[in-house]
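These notes concern the structure reproduced below.
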Amino acid sequence: MTEQTATVEIPHHHDETGTRLGFWLFLYTELFLFAAFFLIYAVYRSNYLVEFRTAAESLNTGIGTQNTIILLASSLTMVLSLNALKAGKARMAKTFLQFTITLGLAFLVIKGFEWGAKFDHHLFLQTTKGIAAGEGSLLLNPSAEMLPVGQVLFFGLYFIMTGTHALHIVIGLIWMIIVYVWISKGSINPDNYGTLERCGLYWHLVDLIWIFLFPLYYLVA
Amino acid sequence: MKDIFKSINVLNPSIVFIVLVLLTITTVLLSGIDVSDSTAVIIALAVASIKAALVLTYFMHLNHEPLVFKVFLGVAFFTLLVIFLLTFSDYSFREMS
């Protein structure tokens, strides 16, 4: 037996499926974050059913539907962007990514107007403490009209849940802009599209969460 | 142009998108029907679940992923189910002040 010493060059190993699986795990943590909100919503809704239904009537179903379709469309353009890159068409992938970013921005702008209307009606940051003390939203308008506790809870949850969702949209938009630059530079290319794929998965998750937010806030009034 | 569309597979995702939009319109129309609250919630959540399944399967490509991805999804949903059931088995028997 002679001892052999040989240097074996191990090629850089990149496990794309493993990376994707890890990313899915991250997505589940996001899912559980929102699941906690949905759980709180479900419990309070069962306790304050009448108030929740009354409060939900003040949300505009038309705007909600419009935003749902915008997000669904952005998911479609995201899929097409990835398909284009996989097919070696980087320029087309960038065009579809531009569409996705534009649609995401449109969602935020519409949401912003919607929130603005709620601010005007002093529905933001109403506190139960204010109600007990005979005062309205202390932070915005001391003379605001009083709401029953159930409605305060509804609007509190509405702002927290749609706000957290909007925050995810903002993160997704920033990520897409970075990916866009990387495609331009060529570091994301038809042979290395994993980053765009994961960005897409994240964006679809944001869409997925909205699919459940939409009926619970805009439809069951 | 037709070749490009064929090579990047525009048709299938577009069909999924159209179905998703139709389901959205359906759920909005269904919400106008006067039914009991629990029925309305069940209908709304059922349609949302179908939409979610479509997004997961076709947009997030779970249909092309190995089995372990689906097992992960199953475990996540089962955990969620347990959390919701346990919470409600508690809250349903509480006296709320």
Side-chain angles (χ1 to χ4, degrees), chain A residues 17 20-21 24-25 27-29 31-32 35-36 38-40 42-43 45-50 52-53 61-62 64-65 68-69 72-73 75-89 92-93 96 197 200-201 203-205 207-209 211-216 218-221, chain B residues 4-10 12-14 16-21 23-25 27-32 37-56 58-62 65-66 68-69 72-73 75-77 79-80 83-84 87-88 90-92 94 96:
Chain A
T17 309
R20 215 164 51 245
L21 189 61
W24 272 92
L25 272 182
L27 292 185
Y28 291 136
T29 66
L31 189 68
F32 276 75
F38 280 114
L39 192 58
I40 298 168
V43 167
R45 190 174 200 279
S46 63
N47 288 336
Y48 297 99
L49 185 59
V50 179
F52 264 54
R53 287 177 69 114
T61 311
T65 312
T68 307
I69 292 170
L72 289 173
S75 264
L76 171 69
T77 54
M78 192 53 149
V79 172
L80 295 179
S81 174
L82 180 62
N83 284 355
L85 191 68
K86 279 180 177 172
K89 299 182 183 357
M92 190 178 267
F96 279 126
E197 190 170 40
L201 284 174
W203 192 252
H204 296 315
L205 179 90
D207 187 14
L208 206 65
I209 289 161
I211 285 176
F212 284 98
L213 279 178
F214 168 63
L216 290 178
Y218 293 86
L219 295 185
V220 286
Chain B
I4 293 172
F5 278 161
K6 222 172 195 175
S7 68
I8 69 165
N9 188 9
V10 172
N12 289 357
S14 302
V16 175
F17 168 70
I18 290 166
V19 174
L20 284 169
V21 170
L23 282 171
T24 305
I25 294 166
T27 189
V28 172
L29 292 178
L30 282 176
S31 74
D37 184 72
S38 53
T39 316
V41 172
I42 289 168
I43 291 172
L45 285 182
V47 178
S49 302
I50 296 168
K51 286 165 72 182
L54 284 173
V55 170
L56 282 165
Y58 296 106
F59 283 178
M60 297 172 91
H61 297 298
L62 266 184
E65 297 288 13
V68 64
F69 282 74
F72 271 38
L73 181 73
V75 171
F77 279 148
T79 313
L80 279 181
I83 292 171
F84 271 79
T87 306
F88 270 92
D90 178 6
Y91 265 92
S92 312
R94 274 179 193 231
M96 300 303 289

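Quick note on labels: first sequence line is chain A, next is B, and so on, each numbered from 1.
- Of the atoms belonging to L216(A), it is side-chain heavy atoms, and not backbone ones, that fall under 4.5 Å from chain B.
- The minimum heavy-atom distance between F84(B) and A35(A), with the atom names listed, is CZ-O, 3.8 Å.
- S38(B) does not touch chain A: none of its heavy atoms, backbone or side chain, sits under 4.5 Å away.
- Contact annotation for R20(A): both backbone and side-chain heavy atoms come within less than 4.5 Å of a heavy atom of chain B.
- Only the side chain of L31(A) comes within contact range of chain B, judged by heavy atoms closer than 4.5 Å.
- For chain B, no part of I209(A) is nearby; none of its heavy atoms comes within less than 4.5 Å.
- With respect to chain A, the highest number of heavy-atom pairs below 4.5 Å among D37(B), V41(B), V21(B), I25(B) belongs to D37(B).
- Looking at I50(B), there are no atoms closer than 4.5 Å to chain A (heavy atoms on both sides), in backbone or side chain.
- Screening T65(A), T68(A), I211(A), L219(A) against T27(B) for a side chain to side chain contact (heavy atoms under 4.5 Å, CB included) leaves a single residue, L219(A).
- Both the backbone and the side chain of A42(A) have a heavy atom closer than 4.5 Å to some heavy atom of chain B.
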Working for side chain to side chain contact (heavy atoms under 4.5 Å, CB included), residues V79(A) and F17(B):
CA-CA 10 Å; V79(A) 172; F17(B) 168 70; over 6 Å; no

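- Looking at L73(B), both its backbone and its side chain come within 4.5 Å of chain A, counting heavy atoms on both sides.
- Using a 4.5 Å cut-off between heavy atoms, A73(A) contacts chain B through both its backbone and its side chain.
- Taking the six-membered ring where tryptophan is involved, the planes of F72(B) and Y28(A) are tilted, since the angle between them lies from 30° to 60°.
- Heavy atoms of S75(A) lying under 4.5 Å from chain B belong to its backbone as well as its side chain.
- Contacts between T17(A) and chain B at a heavy-atom distance below 4.5 Å involve backbone atoms as well as side-chain atoms.
- Looking at F38(A), both its backbone and its side chain come within 4.5 Å of chain B, counting heavy atoms on both sides.
- I83(B) has its side chain within reach of F32(A): a pair of non-hydrogen atoms, C-beta onward, lies under 4.5 Å apart.
- Only the side chain of L208(A) has a heavy atom closer than 4.5 Å to any heavy atom of chain B.
- Between chain A and the options P13(B), A40(B), P66(B), the largest number of non-hydrogen pairs under 4.5 Å is found for P13(B).
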